[in-house]
Amino acid sequence: ADNAEAYQRVEKLLGNLQSLEAQFKQTLTDSKGQVTDQSSGMLAIRRPNRFRWDYKEPHEQLIVSDGSRIWLYDPDLEQVTVRRLTDSLSATPAMLLSGEGKLADNFTVTKTSQDTMAQWVMMEPKRNDTDFKWVRLGFSGEVLKFMQLADKLGQITTLEFSDVEKNAPLDPSRFTFKVPPGADVIGDASDAAAPGKP
Amino acid sequence: CTHAPSRPLVAIPSDLNQLEQWQARGRIGVSSAAGGGSGSFQWQQRGDRADVEIRGPVGIGSVRLQVQGDAQDPHVTLETSDGVKLESQAAWDELETRLGAQVPAGRLRFWMLGIAAPGDHLWQGAAEQDAKILEQDGWRIDYQQYSDEPGAHVPVRMRASSGDTRVRIVVDRWQLGQ
């Protein structure tokens, strides 16, 4: 069925994705469809397992995955939260783009559709301990234009990408994080705990 | 017809205790020995009922909290984005495990406005300087910055600590009286 064809297409599009860089606009709508939050910034992804969400508006926030841990830094709160890159995170949308695993291992394609904006592929995580119910990728031709996810509270996060650059060389240092002086760190920031650092 | 002067929609009482309704949006960071985390929050207060939503970044786990009743022993319900729905004590415990810290939810609605909750408390810090410190129920709240909007002397940056639990709050938007 076209779901199988959609798998191949998404696998192909994501398969030969070594790195990706784009501007993004993020919109959050609540279960009643009301826009509750809007933000924008830069996204950089380098496979395997490295990404950097650089929120600029309305306030700065940085999320970096260095391949073994995910760092979240909020300069206003002067706080860094660090978490291990665990399996349950492998099914998060960001990991969907930067993850190593084959798509079929973590997601099931449930619907494909097309509208004026994009060709959509809807997928549901195979694990049930994830925070989102489904994720939709919107392609226009070969280019990833949208990523949408719904959580179990009915909130929908929509990411619109622009100036998408695929497989451009990205400086690896962009996927490392150094705790700024004076910031409160939550979680285990010690290097020793990082297994299998490539 | 004459154009009526545009009075503010709702007069903001000078004594914020009288404020029946308000909304605040911003970010909250909690850290303690047990862990913690940060996220953005939306707080809607109507009388003694508070609807609070705390969202982790990029949808990684969000929590919807409802606190109602008197400040001493409010009724709490909690709903999480991974589908957990809890009431009263179970909700308290879940919230405290998730935030990794004790949460005086019943007092927060006063402390958010920069006023003391009912009961004993102590204000420190010289009156004329904006930064003031409130001590109540074993918590110490340092009001670092206030809003400069006219008629809204409410905090926009505060730090609360109790034992090794530290809470930081930045309010990006206040809506008083509605």
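Labels below follow one simple rule: chain letters A, B, ... track the order of the sequence lines, proteins then strands, and each chain is numbered from 1. Here the structure is a predicted model, which is why all the values come from computation and not from measurement.
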Side-chain cluster (under 4.5 Å, hydrophobic types only) that L170(A) belongs to, other residues: F175(A)

Assess the side chains of W111(B) and Q136(B): does a donor N or O sit below 3.5 Å from an acceptor N or O? yes

Identify which part of E78(A) has an atom lying under 4.5 Å from any heavy atom of chain B, answering side chain, backbone, both or neither. both

Where does D74(A) contact chain B at under 4.5 Å (heavy atoms): side chain, backbone, both or neither? side chain

Please flag which part of S39(A) lies under 4.5 Å from any non-hydrogen atom of chain B: side chain, backbone, both or neither. neither

The single option from R64(B), R109(B), R46(B) that satisfies salt bridge (Lys or Arg N to Asp or Glu O under 4.0 Å) with D51(B) is R46(B)

In this structure, is the centre-to-centre distance between the rings of F24(A) and Y55(A) below 6.0 Å? yes

